Trainee: 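Take a look at this one; I'll ask things after.
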Amino acid sequence: MSKKVRVRFAPSPTGGLHLGGVRTVLFNYLFAKNQGGDFIVRIEDTDQGRFVAGAEEYIFNTLKWCGLEPDESPVHGGPYAPYRQSERKENYRQYAEQLVKDGYAYYAFDTPAELEEMRNRFKTPENPSPQYNQVLREKMRNSLTLEKDEVARLLNESVPYVVRIKMPLNETISFTDMIRGEVSFNTSQVDDKVLLKADGMPTYHLAVVVDDYLMKITHAFRGEEWLPSAPVHLLVWKYLGWEKDMPQWAHLPLILKPDGNGKLSKRDGDRLGFPVFAMDWTDPKTNETTIGFKERGFLPEAFVNLLAMLGWNDGTDKEIFSLPELIEKFTIERVHKGGAKFDYEKAKWYNHEWIKLSEVSQLAVAVKQAFLDKQIAVTDEALLKKVIELVKDRCTLLADFVQQGSFFFQSPASIDTDTIKPKWDEKKNMFFTELIRAYELSTLWETADLEKEFKELAAANQLKTGELMLPFRIMLVGGKFGPGVFDIAATIGKQETIKRIAHTLQLLQSS
RNA sequence: GGCCGGUUCGUCUAUCGGCUAGGACAGCCCCCUUUCACGGGGCAAAGACGGGUUCGAUUCCCGUACCGGCUACCA
């Protein structure tokens, strides 16, 4: 019997959640649910200096929007509460002390200024960033170099200190990553990372191990940027005597910027004009808002779908997956090793596909909101549904519904008469005048009837239908866009259709 | 600089030693459509390089190059 799968997403609440973060959540979630396991969210707020108001709430709102609800978290509760590291502060010190007692870690009294001084002093062109390591630790002020009495005195006088792991010299440490296979490191290349900070808070390196252990995490997913510190974590697991309970690691590939170099950042979105955050994020300090996928008009289904395909596929040509399908099909073996450049065009394609494939009723709420955002109140639900049905094939983002369909709810703000004018003449004017009369007498008001009448009248006047359709369209919607003209006329009704024709005729007359 | 990771069309990817290297996005062309889409059809487009191993390498191994990540009392 193997243990129940438990995975965790461990964000630090420092701002909006971006693509990469949500994808990490998603892969955690998919793996857990595929295995019938639990998905835990633990807030890693060990850095008091980086606390950002509202960031935690934002994270949970985002998960909710995506449909990735945690089984355990600070807001969902759970048997391993609290799930906020700042509230678990007292847990960590004992483990740090235990490591010191067992000779795996030590106290270091160097001040930030001293550390900076050290780095400057030993910096050379060949070694631009000297590390607090097996060699340099000998030159610093710590419980390894100081006399026992001196250490005791400093501790006694409450001189600030940190606890650092004592990296062994020249040991090979390796593990099997679920995505990358065997990865190994030489400990001589790894520095003595701080485990417990001077303020008594653990660093990520200690907290991640302690909490993963305490919360019985079985599989740990995180971004590839964590790979270099994996040996530190491995060693902490080992030194604490928990090796047999260590989760299996999986380091996810990064999401890269579209135009070349580096991992995708918020700045790239601003620069290239696409969202990077899942939802709008307003920085409480600057009050600046960064656009999110949700507000840009993405459906959560599409957002989740496109994220899943960035680094994973099911081995077939299938690209459109619902969340339940993803859960069913997801396996780590099919996660890519290489980073993926984010392609906004493809992202939009996913949204377009999901809009086309969604039921009208599923779209209604979001589309109504899109209209409302543009100051168009929709009160007629039946009309809304009819409009969605008519235009959804040509909508990539939710806002496109407004562009494609506002004229169903209100008369066009302006009529593109410039397009009509060059080919306008008295015969056409006559035709539309007669059309008004004909439509006034119509007893049937369906698409096919309207088209039939229109064409018959055109034939009677010896006019080509083709030359009349565009003017008609512009009269009804204001420009060269929208679904089929007769569908529009049928939908807006007799009175409105006639009104719009007459209005344009008047415009053409007076200019 | 050091360490670690990665490398198939412009982009996301399939291929688990047999390939005429498949699909999707974007691009281009045609059909459908008297708007724009949708839909259908087509074109163009890739294994970083050099060595091995093998009857046979995109696939396995080793180098090189390139790209990326890390190198904080941040996560």
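Residue numbering restarts at 1 for every chain, and letters A, B, ... go by the order of the sequence lines. This structure is a prediction, so every number in the text was calculated from the model and none was measured.
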Trainee: Would you be so kind as to tabulate the donor-acceptor pairs closer than 3.5 Å made by side chains of residues 194-201 of chain A, with sequence neighbours excluded?
Mentor:
{"unit_1": "A/Lys197", "atom_1": "NZ", "unit_2": "A/Thr46", "atom_2": "O", "d": "3.1"}
{"unit_1": "A/Asp199", "atom_1": "OD1", "unit_2": "A/Met201", "atom_2": "N", "d": "2.8"}

Trainee: Regarding A/Val183, tell me which of base, sugar-phosphate or nothing describes its non-hydrogen contacts under 4.0 Å with the strands shown.
Mentor: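 A/Val183: backbone/sugar contact only, no base atoms under 4.0 Å.
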
Trainee: When you compare B/A24 with B/A14, how far apart are their P atoms, in angstrom units rounded to a whole number?
Mentor: 15 Å

Trainee: Under 30°, 30 to 60°, or over 60°: which ring-plane class applies to A/Tyr107 and A/Tyr161, parallel, tilted or perpendicular?
Mentor: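 Correct class here is perpendicular.
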
Trainee: Which base sits across from B/C38 as a Watson-Crick or G-U pair, both distances under 3.5 Å?
Mentor: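 Pairing partner: none.
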
Trainee: Distance check, C1' atoms only: B/G42 and B/G6, in whole angstrom units.
Mentor: 36 Å

Trainee: In the structure shown, which nucleotide is the Watson-Crick or G-U wobble counterpart of B/U53, with both distances under 3.5 Å?
Mentor: none

Trainee: Which pairs, protein N/O on one side and nucleotides 33-37 of chain B N/O on the other, fall under 3.5 Å?
Mentor:
{"unit_1": "B/U34", "atom_1": "N3", "unit_2": "A/Gly466", "atom_2": "N", "d": "3.0"}
{"unit_1": "B/U34", "atom_1": "O4", "unit_2": "A/Thr465", "atom_2": "OG1", "d": "3.4"}
{"unit_1": "B/U34", "atom_1": "O4", "unit_2": "A/Gly466", "atom_2": "N", "d": "2.9"}
{"unit_1": "B/U35", "atom_1": "O2'", "unit_2": "A/Lys480", "atom_2": "O", "d": "3.1"}
{"unit_1": "B/U35", "atom_1": "N1", "unit_2": "A/Arg473", "atom_2": "NE", "d": "3.2"}
{"unit_1": "B/U35", "atom_1": "O2", "unit_2": "A/Arg473", "atom_2": "NH1", "d": "3.4"}
{"unit_1": "B/U35", "atom_1": "O2", "unit_2": "A/Phe481", "atom_2": "N", "d": "3.3"}
{"unit_1": "B/U35", "atom_1": "O2", "unit_2": "A/Gly482", "atom_2": "O", "d": "3.4"}
{"unit_1": "B/U35", "atom_1": "N3", "unit_2": "A/Arg473", "atom_2": "NH1", "d": "3.3"}
{"unit_1": "B/U35", "atom_1": "N3", "unit_2": "A/Arg473", "atom_2": "NH2", "d": "3.0"}
{"unit_1": "B/U35", "atom_1": "N3", "unit_2": "A/Gly482", "atom_2": "O", "d": "2.5"}
{"unit_1": "B/U35", "atom_1": "O4", "unit_2": "A/Arg473", "atom_2": "NH2", "d": "3.3"}
{"unit_1": "B/U35", "atom_1": "O4", "unit_2": "A/Gly482", "atom_2": "O", "d": "3.2"}
{"unit_1": "B/U35", "atom_1": "O4", "unit_2": "A/Pro483", "atom_2": "O", "d": "3.4"}
{"unit_1": "B/C36", "atom_1": "O2", "unit_2": "A/Arg394", "atom_2": "NH1", "d": "2.3"}
{"unit_1": "B/C36", "atom_1": "N3", "unit_2": "A/Arg394", "atom_2": "NH1", "d": "2.2"}
{"unit_1": "B/A37", "atom_1": "O2'", "unit_2": "A/Asp393", "atom_2": "O", "d": "3.1"}
{"unit_1": "B/A37", "atom_1": "N3", "unit_2": "A/Arg394", "atom_2": "NH2", "d": "3.4"}

Trainee: Once each nucleotide of nucleotides 18-23 of chain B is scored for protein heavy atoms under 4.0 Å, what B/S/- sequence comes out, 5' to 3'?
Mentor: -----S

Trainee: Atom pairs, N/O to N/O, protein against nucleotides 28-30 of chain B, distance under 3.5 Å?
Mentor:
none

Trainee: Taking atom P in both B/A37 and B/C30, compute the distance separating them and give it to the nearest angstrom.
Mentor: 14 Å

Trainee: Under a 3.5 Å cut-off for both distances, is B/C3 Watson-Crick or wobble paired, and to whom?
Mentor: B/G69

Trainee: Taking the C1' atom of each, how far is B/C43 from B/C60, in whole Å?
Mentor: 36 Å

Trainee: B/C12 C1' sits how many Å from A/Leu19 CG, rounded?
Mentor: 14 Å

Trainee: Among A/Phe303, A/Tyr350, A/Trp281, which residue meets the ring-ring contact (aromatic ring centres under 6.0 Å, His included) test with A/Phe293?
Mentor: A/Phe303

Trainee: Would you say a side-chain N or O of A/Asn313 is under 4.0 Å from OP1 or OP2 of B/U13?
Mentor: no

Trainee: Does A/Arg473 use its side chain to pair, donor to acceptor, with the backbone of A/Pro483 at less than 3.5 Å?
Mentor: yes

Trainee: Using the rule ring-ring contact (aromatic ring centres under 6.0 Å, His included), only one of A/Phe9, A/Trp312, A/Phe330 pairs with A/Phe27; which is it?
Mentor: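 The single option meeting the ring-ring contact (aromatic ring centres under 6.0 Å, His included) with A/Phe27 is A/Phe330.
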
Trainee: Validate the cation-pi geometry between A/Arg137 and A/Tyr132: distance from NZ or CZ to the six-membered ring centre under 6.0 Å, angle to the ring axis within 45°.
Mentor: no

Trainee: Give A/Glu126 one of three labels, base, sugar-phosphate or nothing, depending on what nucleic acid heavy atoms sit under 4.0 Å from its own.
Mentor: base

Trainee: Of all heavy-atom pairs between A/Gly273 and A/Arg296, which one has the smallest distance, and what is that distance?
Mentor: O-NH1, 3.5 Å

Trainee: Taking a pair as Watson-Crick or G-U wobble with both distances under 3.5 Å, which nucleotide is matched to B/U11?
Mentor: B/A24

Trainee: In the structure shown, which nucleotide is the Watson-Crick or G-U wobble counterpart of B/A44, with both distances under 3.5 Å?
Mentor: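 Because no pair has both required distances under 3.5 Å, B/A44 counts as unpaired.
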
Trainee: Rounded to whole angstroms, how far apart are CD on A/Gln134 and P on B/G2?
Mentor: 18 Å

Trainee: Is there a side-chain contact between A/Glu456 and A/Lys452 (heavy atoms, below 4.5 Å)?
Mentor: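 Heavy-atom side-chain distance check passes, below 4.5 Å.
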
Trainee: Starting at the 5' end of nucleotides 64-75 of chain B, put B wherever the base has a protein heavy atom under 4.0 Å, S where only the sugar-phosphate does, and a dash everywhere else.
Mentor: ---SSBSB-BBB

Trainee: Could you give the NE2-to-P distance, from A/His251 to B/G5, as a whole number of Å?
Mentor: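 Whole-Å distance recorded here is 11 Å.
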
Trainee: Could you give the CD1-to-P distance, from A/Ile179 to B/U7, as a whole number of Å?
Mentor: 13 Å

Trainee: What distance, rounded to whole Å, do you find between the two C1' atoms, one in B/A48 and one in B/A72?
Mentor: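 Those two atoms are separated by 35 Å.
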
Trainee: If we ignore angles and hydrogens, is there a donor and acceptor under 3.5 Å between the side chains of A/Gln48 and A/Ser86?
Mentor: no

Trainee: Is it the case that A/Lys428 places NZ or CZ above or below the six-membered ring of A/Trp424, under 6.0 angstrom from the centre and within 45 degrees of the axis?
Mentor: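 Judged by the rule (NZ or CZ under 6.0 Å from the ring centre, within 45° of its axis), A/Lys428 is not positioned above A/Trp424.
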
Trainee: Counting N and O atoms only, with roles assigned by atom type, does the side chain of A/Ser188 sit under 3.5 Å from a partner on the main chain of A/Asn170, one being a donor and the other an acceptor?
Mentor: yes

Trainee: Counting only Watson-Crick or G-U wobble pairs whose two distances fall under 3.5 Å, which nucleotide matches B/U59?
Mentor: none

Trainee: Would you mind reading off the distance between A/Leu310 atom CG and B/G6 atom C1', rounded to a whole angstrom?
Mentor: 16 Å

Trainee: Rounding to a whole Å, what distance do you find between A/Lys348:NZ and B/U11:P?
Mentor: 18 Å

Trainee: Determine the Euclidean distance between corresponding C1' atoms of B/G50 and B/U13; express it in Å to zero decimal places.
Mentor: 27 Å

Trainee: If the test is ring-ring contact (aromatic ring centres under 6.0 Å, His included), which one of A/Tyr204, A/Tyr239, A/Tyr213 qualifies with A/His233?
Mentor: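 When A/Tyr204, A/Tyr239, A/Tyr213 are each tested with A/His233, the ring-ring contact (aromatic ring centres under 6.0 Å, His included) holds only for A/Tyr204.
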
Trainee: Between A/Thr419 and A/Asp416, is there a side-chain donor-acceptor contact under 3.5 Å, judged purely by atom types and distance?
Mentor: yes

Trainee: Pairing donors with acceptors under 3.5 angstrom, does anything connect the side chains of A/Asp211 and A/Tyr92?
Mentor: yes

Trainee: Considering only atom P, compute the distance from B/U64 to B/C25 and round it to an integer number of Å.
Mentor: 40 Å

Trainee: Nearest-Å distance, CG (A/Asp343) to P (B/C9)?
Mentor: 14 Å

Trainee: Partners of A/Val183 by side-chain contact (heavy atoms from CB on, under 4.5 Å), sequence neighbours excluded?
Mentor: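 Applying side-chain contact (heavy atoms from CB on, under 4.5 Å) to A/Val183 gives A/Phe175, A/Asp177, A/Arg180, A/Phe185.
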
Trainee: In whole angstrom, give me the gap between the P atoms of B/A45 and B/A65.
Mentor: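 These two P atoms come out 31 Å apart once rounded.
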
Trainee: Which sits closer to the 5' end of RNA chain B, A/Phe185 or A/Trp349, going by the nucleotide each is nearest to?
Mentor: A/Phe185

Trainee: May I have the distance from A/Met309 (atom CE) to B/U11 (atom P), rounded to whole angstrom?
Mentor: 18 Å

Trainee: Assess, by modelled atom type and distance only, whether the side chains of A/Arg8 and A/Asn28 contain a donor and an acceptor separated by less than 3.5 Å.
Mentor: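 No donor-acceptor contact under 3.5 Å links the two side chains.
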
